[in-house]
Amino acid sequence: MADQKQQEDINPWGLKSWTYLSSLRQQSPLIQCITNFVSMDIMANTLLAAGASPAMVHSILEIPDFTPHAKSVLINVGTLTPDWLPAMKAAAGLANQLGKPWVLDPAAVGASSFRLKACLELIELKPTVIRGNGSEIIALSMASIGSTKGADSLHESSDAVESAKSLAKSSGSIVAISGSVDFVTDGERVVGAHNGVPMMQKITASGCSVTALIAAFVAIDPTHAFEATASAFSVFGLAGDIGMELAKGPASLRMHLIDSLHRLDQDTVLDRVTITNFS
Ligand SMILES: Nc1ncnc2c1ncn2[C@@H]1O[C@H](COP(=O)(O)OP(=O)(O)O)[C@@H](O)[C@H]1O
Ligand SMILES: Cc1ncsc1CCOP(=O)(O)O
Ligand SMILES: [Mg+2]
C-alpha cells in the first residue's frame with residue numbers, strides 16, 4: 001500500500017527529466033555547436049555542467065569529418081554572416097542524411113530579411129527542434145521581419161503558442177518557445193514548463209544555452225524529441241531557480257545556475273520539475 005502511494009506521488013515529468021539528465025551524465029554525448037560569438041562560452045559551460053561534451057566546430061572544411069561523430073548538432077544564427085551559412089546548411093544536411101537530430105535557434109530572426117531567409121532555408125533541412133523566444137517564433141511562423149527588438153523578445157511566450165503550433169505543423173519540427181512559461185508543441189500537444197526565474201533574461205545567451213541543452217537531451221533519445229525538449233527546459237529552469245537562491249544579480253546567477261546544473265540530484269528534480277498540459 002505504501003509502495004502504491006509512493007508510485008502515485010511520483011511526478012512523471014520529474015522522472016523523465018531525471019532520466020534524461022542522468023543518461024546525459026553517463027553517456028556524455030558529443031554535441032557539435034555552430035553558434036554565435038556571444039554564446040560560445042556560456043553554451044559550452046552549460047553543456048559541460050549538464051554532462052555533455054560540447055565542440056564549437058563551424059568550418060565548412062571540417063564538417064564531413066566531424067559531424068558524423070557528433071550525437072546531435074546545434075545551429076544558432078545569432079551573429080550570422082554570409083560565409084557561415086553554407087557550413088550551417090552542410091552540417092544540417094549531413095545530420096539529416098545520417099539520421100542524427102539537429103536543433104535550430106533562430107536568434108533575432110525578425111531583425112533582417114537576410115536572417116529570415118537563412119532560417120527559412122535551414123527549416124527546409126528539417127530541424128528536429130526549433131527553439132526561440134516569443135518574437136522569434138512569431139516572426140518565423142509569419143515569415144516576416146520587424147516585430148522584434150533584436151535578440152530579446154517583445155512578446156510573452158504565451159502570445160506565440162498558436163504560431164508555434166502552426167510552425168510545427170508546417171515544418172514537422174517540435175517547436176519550443178522560451179519565456180515565463182516555456183512551451184513545447186508538436187502541432188497538436190502543448191505542454192508548459194514552469195521552472196525558471198525572470199532574472200535569466202538578464203544573462204546574455206541564456207536562451208542560446210537552453211537550446212544547446214535541448215540538443216543534448218535530444219541526442220539521448222532522438223525518437224522522443226517532444227519529451228526531451230520539455231525536460232531540458234525544466235532542468236535548465238530548475239538550475240535557475242536554485243541558482244537564484246544564492247545569486248545577487250545576473251553575473252552571480254550565471255555562475256550559480258551553472259553550478260546548480262552540475263549538482264542537480266534526483267530528489268530535487270523529482271520534487272521540483274513542474275510541467276503541465278495546455279492542450
Ligand atoms: N519571465 C521569465 N520567468 C522565468 N524564466 C524566464 C523568463 N524569461 C525567460 N526565462 C528563462 O530564461 C531562459 C532564456 O529565455 P529567453 O530570455 O526567452 O530566451 P532568449 O534569450 O532567446 O530571448 C529560458 O530558460 C527561459 O525559461
Ligand atoms: C546579444 C546577441 N546579439 C547577437 S546574438 C546575441 C546573444 C543572444 O542570446 P540569447 O538569445 O540567448 O539572449
Ligand atoms: Mg535567443
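- With rounding to the nearest 0.5 angstrom, the CG atom of Leu140 is 7.0 Å from the CG atom of Leu104.
- Screening residues 12-46 for ring-ring contact (aromatic ring centres under 6.0 Å, His included) gives Tyr20-Phe217, Phe37-Trp84 as the qualifying pairs, with residues at least two apart or on separate chains.
- Under the 4.5 Å side-chain contact rule for hydrophobic residues, Leu120 and Leu167 share a cluster.
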What's the verdict on side-chain contact (heavy atoms from CB on, under 4.5 Å) for Val218 and Ser72, showing C-alpha distance, side-chain angles and the deciding distance?
CA-CA 7 Å; Val218 167; Ser72 71; 5.5 Å; no
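- In terms of modelled atom types and a separation under 3.5 Å, the side chain of Ser157 and the main chain of Val181 share a donor-acceptor contact.
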Checking Leu122 against Ile75 for the side-chain contact (heavy atoms from CB on, under 4.5 Å) test, could you report, in this order, the C-alpha distance in whole Å, the side-chain angles of both residues, the deciding distance, and whether it holds?
CA-CA 9 Å; Leu122 285 165; Ile75 296 180; 4.3 Å; yes
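- Using a 3.5 Å distance cut-off with no hydrogens or angles, the side chains of Asp221 and His224 do pair a donor with an acceptor.
- For Lys71, the NZ atom is loosely surrounded, since the number of other residues' heavy atoms within 6.0 Å does not exceed 12.
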Applying side-chain contact (heavy atoms from CB on, under 4.5 Å) to Ser206 and Gln201, what does each step give before you reach the verdict?
CA-CA 7 Å; Ser206 59; Gln201 290 171 82; 6.0 Å; no
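- Gly192 and Phe278 make their closest contact through N-CD1, 3.5 Å (heavy atoms, listed as atom of the first residue, atom of the second, distance).
- Legend: salt bridge (Lys or Arg N to Asp or Glu O under 4.0 Å) pairs involving residues 106-123, not counting sequence neighbours, sorted by first then second residue: Lys89-Glu121, Lys117-Glu121.
- Judged by distance alone, the side chain of Thr268 and the main-chain N or O of Leu264 form no donor-acceptor pair under 3.5 Å.
- What you find for Gly93 and Leu125 is that their closest heavy atoms are N-CD1, 4.4 Å.
- Neither Leu30 nor Leu47 shares a network with the other; the hydrophobic side chains, linked directly or stepwise wherever heavy atoms of I, L, V, M, F, W or Y lie under 4.5 Å apart, form separate groups for each.
- Listed by chain and residue number, Asp105, Arg131 satisfy the side chain to side chain donor-acceptor pair (under 3.5 Å) test with Thr211 (two or more places apart in sequence, or in another chain).
- For the atom pair Lys169 NZ and Ser141 OG, the distance stands at 11.0 Å (nearest 0.5 Å).
- The two atoms that bring Leu270 and Gly14 nearest to each other are CD2-C, 3.6 Å, heavy atoms only.
- In terms of modelled atom types and a separation under 3.5 Å, the side chain of Thr274 and the main chain of His194 share no donor-acceptor contact.
- Listed here is the closest heavy atom pair of Ile177 and Ala164: CD1-CB, 3.6 Å.
- With a 4.5 Å cut-off on side-chain heavy atoms, Thr19 and Ile220 do not count as touching.
- When only modelled atom types and interatomic distance are considered, Asp83 and Thr81 share a side-chain donor-acceptor pair under 3.5 Å.
- Pairs of residues two or more places apart, or lying in two chains, that qualify as salt bridge (Lys or Arg N to Asp or Glu O under 4.0 Å) and include a residue from residues 177-189 are Asp186-Arg189, Arg189-Glu227.
- With rounding to the nearest 0.5 angstrom, the CG atom of Asp259 is 11.5 Å from the CD1 atom of Ile242.
- Once rounded to the nearest 0.5 Å, the distance linking CG of Asp241 with OG of Ser234 reads 9.5 Å.
- Sequence neighbours left out, the pairs with a member in residues 27-36 that pass side chain to side chain donor-acceptor pair (under 3.5 Å) are Gln32-Thr67, Thr35-Ser39, Asn36-Ser39, Asn36-Asn76.
- Within the 3.5 Å criterion, the main-chain N or O of Lys126 finds a donor-acceptor partner in the side chain of Trp102.
- Screening residues 261-279 for salt bridge (Lys or Arg N to Asp or Glu O under 4.0 Å) gives Glu245-Arg272 as the qualifying pairs, with residues at least two apart or on separate chains.
- No side-chain heavy atom of Val129 sits under 4.5 Å from any side-chain heavy atom of Ser173.
- With hydrogens and angles ignored, the 3.5 Å screen pairs no side-chain donor or acceptor of Lys16 with any backbone N or O of Ser231.
- Using a 4.5 Å cut-off between side-chain heavy atoms of Ile, Leu, Val, Met, Phe, Trp and Tyr, with links allowed through other members, Met199 and Ile203 fall into the same hydrophobic cluster.
- The side-chain contact (heavy atoms from CB on, under 4.5 Å) check on Ile145 picks up Ser113, Leu116, with sequence neighbours excluded.
- Legend: salt bridge (Lys or Arg N to Asp or Glu O under 4.0 Å) pairs involving residues 195-217, not counting sequence neighbours: none detected.
- With hydrogens and angles disregarded, no donor-acceptor distance shorter than 3.5 Å links the side chain of Asp159 to the backbone of His155.
- The structure places CG of Leu213 at 8.0 Å from CG of Leu21, a figure rounded to the nearest 0.5 Å.
- By the 4.5 Å heavy-atom criterion applied to side chains, Cys33 and Met43 are counted as neighbours.
- Residues Val184 and Leu15 fall into different hydrophobic clusters, defined by Ile, Leu, Val, Met, Phe, Trp and Tyr side chains chained together at heavy-atom separations under 4.5 Å.
- We find the OG-CG distance between Ser260 and Leu238 to be 8.0 Å, quoted to the nearest 0.5 Å.
- The shortest heavy-atom contact between Asn11 and Val273 is ND2-O, 2.7 Å.
- Ile138 shares a hydrophobic cluster with Met142; the chain of contacts runs through ILVMFWY side chains whose heavy atoms sit under 4.5 Å apart.
- Remark: Asp152 pairs with no residue by the salt bridge (Lys or Arg N to Asp or Glu O under 4.0 Å) rule, at least two apart or across chains.
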Let me check something: any side-chain donor-acceptor pairs from residues 49-65 under 3.5 Å, sequence neighbours excluded? List them with distances.
residue: Ser59; atom: OG; partner: Leu61; partner atom: N; Å: 3.1

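- The cluster map of Ile, Leu, Val, Met, Phe, Trp and Tyr, joined by side-chain heavy atoms under 4.5 Å apart, puts Ile31 and Leu48 in different clusters.
- Contact record, Ile137 with Gly132: CD1-N, 3.7 Å, taken as the closest heavy-atom pair.
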Derivation and outcome, side-chain contact (heavy atoms from CB on, under 4.5 Å), residues Ile130 and Ile123:
CA-CA 8 Å; Ile130 303 167; Ile123 290 173; 3.9 Å; yes
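- In this structure, Leu246 shares a hydrophobic cluster with no other residue, the cluster being traced through Ile, Leu, Val, Met, Phe, Trp and Tyr side chains under 4.5 angstrom apart.
- The closest donor-acceptor contact from the side chain of Thr185 to the backbone of Gly187 lies under 3.5 Å.
- Ser153 places no side-chain N or O within 3.5 Å of a backbone atom of Asn133 that could act as its donor or acceptor partner.
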